[in-house]
Amino acid sequence: MFYQALIFAPLLGAIIAGFGGRKLGDKPSMAITTGLLFLSAILSWIAFAKVGFQHEATQISLFRWMDVGDFKANWALKIDTLTAVMLVVITTVSALVHLYSWGYMEEDPSKPRFFAYLSLFTFAMLMLVTADNFIQMFFGWEGVGLASYLLIGFWYKKPSANAAAIKAFVTNRVGDVGLALGVMTIFFVFGSVNFDTVFGAIQNNNNDVQNLTLPFLGMEFNAIELIAFLLFVGAMGKSAQFVLHVWLPDAMEGPTPVSALIHAATMVTAGVFLVCRAFPIYEAAPVTSGFITVLGAFTAFFAATVGLVQNDIKRVIAYSTCSQLGYMFFAAGIGAYNAAMFHLFTHAFFKALLFLGAGSVIHALHHQQDMRKMGGLWKVVPVTYIVMIIGTLAITGVGIPGTGNIGFAGFASKDFIIESAYDAGHGGSAAGAFAFWAGIVAALMTSFYSWRLIFMTFHGKHRGKKKYLDEAHESPLVMTIPLGVLAIGALFAGFFFYKSFVYGANGFWDHSLPVGEHAEIAARNLYAAAGTTASDANYSGGHSYPGWVLWAPFIVSLLGFVIAWFTYMYKNGVEKRINAEGGPIYNFLLNKWYIDEIYDATIVRATKFLGDVFWKIGDIGIIDRFGPNGVAAAAMAGARRLSKFQSGYLYHYAFVMLIGVAVIVGLVARTVGG
């Protein structure tokens with residue numbers, strides 16, 4: 001019952017608060033949901049130790065679910081190291097978000113509903129990562145989509161919140177069509193949706209499945225490549241990769257704790273998890289893997305450019321999430337799946353820290369989110385300022401190059417990805433080379449916009465209403481304690497887990513993920529610095545990186561800090577920059593490359609036009625006119641004509657009866673005569 005309690009505790013809390021919240025009241029509902037989440041978080045860390053370090057992976061069958069002909073899917077829990085990592089990320093961040101929400105949502109009248117949605121969101125994500133087959137994973141996938149719709153549109157009286165919730169839901173439905181088609185194709189090819197069955201068939205090349213081709217959209221495709229691509233379309237939607245990224249910034253319309261949960265631990269990490277879980281498929285699909293590498297690298301670059309000029313504090317961090325997800329995807333694309341998961345793990349801590357820190361600032365300034373109306377806050381909210389600095393140092397990857405893990409969390413994981421991309425490119429992969437340089441440039445921009453946020457928010461003169469600054473104060477303990485815990489993760493997560501994640505020290509991954517050649521090379525630097533031999537480090541081969549590769553991420557991060565300082569701090573730089581805003585490049589980036597406008601001018605308007613055609617011409621003009629409306633009109637016209645015979649005069653009725661008798665007599669006579 002250990003894992004059942006871990007998984008279903010959030011669902012129990014969601015049911016209690018969702019259906020009994022009005023009777024229980026605010027505080028009991030909040031206490032129950034938060035307490036059950038902390039229970040899940042504690043059990044998750046125990047499971048992480050048992051599975052990751054004591055190798056007690058297990059599979060638990062709960063009940064028979066679907067059994068139709070050859071189609072069988074049981075409801076089961078697959079607990080391996082990959083799952084255990086996700087359990088820790090999801091439940092830890094969610095528990096802290098629940099606690100933080102006690103303070104942030106203090107004045108909201110619908111707290112039981114909010115906490116029920118948070119717990120439901122967490123349960124859906126737990127269902128997704130513990131699935132042992134694609135159908136069960138799809139259930140969690142759609143559950144996360146539903147919960148995100150409810151949370152983004154939580155303040156449903158705000159039109160912008162409703163619009164953002166619908167946008168997120170519809171955009172993800174586009175991706176989910178690809179995922180559903182991928183799952184259908186898997187069953188068509190393998191006759192099963194069970195992970196172990198499908199992956200085993202691919203790795204063993206049963207029935208020469210790796211060379212099988214399938215028709216799709218009038219063309220022939222390699223079956224594995226087609227499956228990999230369709231699954232990735234779903235991942236693109238959930239993890240907001242370029243083209244399907246448009247919902248992510250608008251999701252900021254929900255309460256800030258929702259932003260932290262979506263961006264750090266749940267929804268956006270689902271796509272990365274899917275690609276890593278299905279690594280046997282992607283290892284057998286080099287074309288799709290190359291596409292993932294290029295798209296992930298481009299997303300990292302694109303989102304970073306947009307983050308440079310955003311003025312909403314939450315949107316800056318939102319585009320940062322989009323960019324960091326790009327890093328994770330291009331790591332998975334080059335085969336460094338453990339690098340992708342390592343960055344997912346560390347990113348959860350510092351991204352949740354940054355979002356909740358931003359929420360603390362917003363809470364202090366009467367829900368002001370425009371950084372142009374902030375400034376001078378570091379003395380007013382010192383705890384928030386310190387943890388935001390820690391989060392910024394983590395996301396910009398500050399550390400000692402060449403040591404591997406001596407630095408903040410983002411240093412250990414992001415540098416590992418960049419070095420792995422360099423090695424892939426050095427080995428002849430054009431996609432890997434592109435990803436390396438895109439990662440370097442994105443790191444420069446990440447440093448700039450991250451420090452820009454710090455300088456505009458906490459330093460210089462206050463540019464908003466003086467009344468708000470005078471009334472500003474540090475957040476209560478229920479908000480600062482989660483910030484402190486996340487700050488510890490942002491400080492030490494990379495240092496303590498580097499060996500395990502990078503090359504699977506002591507069998508950490510235990511076959512749940514491969515430790516590829518590109519990923520292993522990065523580990524050599526840590527041990528070389530410590531004087532440990534390659535054999536002692538269980539290193540399988542490869543080469544050392546040139547010094548400039550190890551130092552490049554640190555140098556561009558430092559350069560980004562310097563540029564941001566001169567731009568926004570030197571000689572009242574903030575005021576100068578605000579006054580100088582404008583120009584074609586600035587507006588291009590501020591308007592997010594006009595992607596939303598392009599969608600509106602093409603897809604949205606075309607869809608509305610087709611809708612009008614089918615509605616006004618097809619539905620009203622043809623179907624209604626000649627169908628129900630036409631029949632009704634004919635019946636009414638006939639009734640009006642017949643009603644004229646109902647005059648009320650006796651001789652009229654006698655005349656009609658006489659005509660009727662004449663007709664009958666005529667018919668009888670004709671019959672007899674015939």
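Note: hydrogens, waters and symmetry copies are ignored here, and every other heavy atom, side chains too, is used. Computed from a predicted structure; not experimentally measured.
- Remark: the backbone N or O of Asp596 is not paired with any side-chain donor or acceptor of Asp600 at under 3.5 angstrom.
- The minimum heavy-atom distance linking Val93 with Ala348 is given by the pair CG2-O, 4.0 Å.
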Counting only pairs under 3.5 Å, give me each side-chain donor-acceptor contact of residues 273-282, with atom names and distances, residues two or more places apart or in other chains.
unit_1 : atom_1 : unit_2 : atom_2 : d
Arg277 : NH1    : Asp80  : OD2    : 2.7
Arg277 : NH2    : Asp80  : OD1    : 3.2
Arg277 : NH2    : Thr83  : OG1    : 2.7
Tyr282 : OH     : Ala228 : O      : 2.8
Tyr282 : OH     : Phe232 : N      : 3.4

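- Residue Phe497 forms a ring-ring contact (aromatic ring centres under 6.0 Å, His included) with just one option from Phe349, Phe416, Trp509, Phe345, and that option is Phe345.
- Put simply, the side chain of Met341 reaches to within 4.5 Å of the side chain of Leu344, judged on heavy atoms.
- Side-chain contact check for Ser44 and Thr91: at least one donor-acceptor pair (N or O, by modelled atom type) lies under 3.5 Å.
- Between Trp551 and Phe554, the angle of the ring planes goes over 60°, which puts this pair in the perpendicular group of the 30/60° scheme.
- Within the 4.5 Å cutoff, side-chain heavy atoms of Met252 are placed close to those of His263.
- The CD1 atom of Ile334 sits 8.0 Å away from atom CD1 of Ile417, with the distance rounded to the nearest 0.5 Å.
- Screening residues 54-88 for ring pair (Phe, Tyr, Trp, His ring centres under 6.0 Å) gives Phe63-Trp75, Trp65-Trp75, Phe71-Phe187, Trp75-Phe139 as the qualifying pairs, with residues at least two apart or on separate chains.
- Using a 4.5 Å heavy-atom threshold, the side chains of Tyr503 and Asn338 count as separate.
- The ring pair (Phe, Tyr, Trp, His ring centres under 6.0 Å) test applied to Phe508 returns Phe48, Phe53, Phe501, not counting sequence neighbours.
- Sorted by first and then second residue, the side-chain hydrogen bond (donor to acceptor under 3.5 Å, both in side chains) pairs with a member in residues 123-142 read Gln59-Asp132, Asp132-Asn194, Trp141-Asp176, Glu142-Arg173; sequence neighbours excluded.
- Here Phe436 pairs with Tyr422, Trp548 under the ring pair (Phe, Tyr, Trp, His ring centres under 6.0 Å) rule; sequence neighbours left out.
- Legend: residues meeting ring pair (Phe, Tyr, Trp, His ring centres under 6.0 Å) with Phe229, ordered by chain and number and at least two apart, are Phe291.
- Between Phe134 and Phe195, the ring planes are perpendicular. Angles over 60° get that label, and only those under 30° would be called parallel.
- Counting heavy atoms of neighbouring residues, nucleotides and ligands inside a 6.0 Å radius, atom CZ of Phe588 exceeds 12 of them.
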Can you check side chain to side chain contact (heavy atoms under 4.5 Å, CB included) on Thr321 and His347, steps first, answer last? CA-CA 9 Å; Thr321 298; His347 175 265; 4.2 Å; yes
Please output the side-chain donor-acceptor pairs of residues 437-447 that fall under 3.5 Å, not counting sequence neighbours, one pair per line with the distance.
unit_1 : atom_1 : unit_2 : atom_2 : d
Thr446 : OG1    : Ala442 : O      : 2.7
Ser447 : OG     : Ser557 : O      : 2.5
Ser447 : OG     : Phe561 : N      : 3.2

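- For the pair Lys414 and Tyr327, the distance from NZ or CZ to the six-membered ring centre is under 6.0 Å and the angle to the ring normal is within 45 degrees.
- Side-chain contact between Ile227 and Leu214 is absent, with no heavy-atom pair separated by less than 4.5 Å.
- Sorted by first then second residue, the side-chain hydrogen bond (donor to acceptor under 3.5 Å, both in side chains) pairs that include residues 240-249, not counting sequence neighbours, are Gln241-Thr299.
- Not counting sequence neighbours, the partners of Trp593 by the side-chain hydrogen bond (donor to acceptor under 3.5 Å, both in side chains) test are Thr305.
- Under a 3.5 Å cut-off, the side chain of Ser148 and the backbone N or O of Gly145 do form a donor-acceptor pair.
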CA sep, side-chain torsions, deciding dist, call: Glu597, Lys592, side chain to side chain contact (heavy atoms under 4.5 Å, CB included): CA-CA 9 Å; Glu597 287 76 8; Lys592 305 156 286 187; 5.7 Å; no
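- Contact record, Ala223 with Val189: CB-CG2, 4.3 Å, taken as the closest heavy-atom pair.
- In this structure, Leu325 and Ser239 approach most closely via the heavy-atom pair CD1-O, 3.1 Å.
- Nearest heavy atoms, Phe350 versus Ala490: CB-CB, 3.9 Å.
- A heavy-atom distance below 4.5 Å is found between the side chains of Met267 and Asn172.
- Nearest heavy-atom pair across Val198 and Ser192 is CG2-O, 3.6 Å.
- The main-chain N or O of Gln210 is found under 3.5 Å from a side-chain atom of Asn222 such that the two form a donor-acceptor pair.
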Just do the side chain to side chain contact (heavy atoms under 4.5 Å, CB included) check on Val268 and Lys238 with the steps written out, would you? CA-CA 5 Å; Val268 299; Lys238 276 289 184 288; over 6 Å; no
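- Phe169 meets the ring pair (Phe, Tyr, Trp, His ring centres under 6.0 Å) test with Tyr149; sequence neighbours excluded.
- Counting heavy atoms from C-beta on, the side chains of Arg64 and Asp67 come closer than 4.5 Å.
- Looking at Ile202 and Phe190, their side chains come closer than 4.5 Å, going by heavy atoms from C-beta outward.
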Any chance you could lay out the side chain to side chain contact (heavy atoms under 4.5 Å, CB included) test for Ile152 and Ile262, step after step, and finish with the verdict? CA-CA 10 Å; Ile152 294 169; Ile262 290 177; 3.9 Å; yes
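- Residues Ala240 and Cys322 come closest through the heavy atom pair O-SG, 3.1 Å.
- Note that CG of Leu77 is 9.5 Å distant from CG of Leu6, once rounded to the nearest 0.5 Å.
- With sequence neighbours left out, Asp208 forms a salt bridge (Lys or Arg N to Asp or Glu O under 4.0 Å) with no residue at all.
- To the nearest 0.5 angstrom, Tyr449 atom OH is 10.0 Å from Ile317 atom CD1.
- To the nearest 0.5 angstrom, Leu126 atom CG is 6.5 Å from Ser40 atom OG.
- Every residue meeting the salt bridge (Lys or Arg N to Asp or Glu O under 4.0 Å) condition with Asp250, not counting sequence neighbours, appears here in chain and number order: Lys167, Arg315.
- Partner of Ile224 under the side-chain contact (heavy atoms from CB on, under 4.5 Å) criterion, chosen from Val209, Val287, Thr185: Val209.
- The OG1 atom of Thr346 sits 10.5 Å away from the NZ atom of Lys351 when rounded to the nearest 0.5 Å.
- Atom CG of Asp196 sits in a crowded spot, with more than 12 heavy atoms from other residues, nucleotides or ligands closer than 6.0 Å.
- A distance of 8.0 Å separates CZ in Phe434 from CZ in Phe301, rounded to the nearest 0.5 Å.
- Leu179 is not listed as a side-chain neighbour of Val233, based on a closest heavy-atom distance of 4.5 Å or more.
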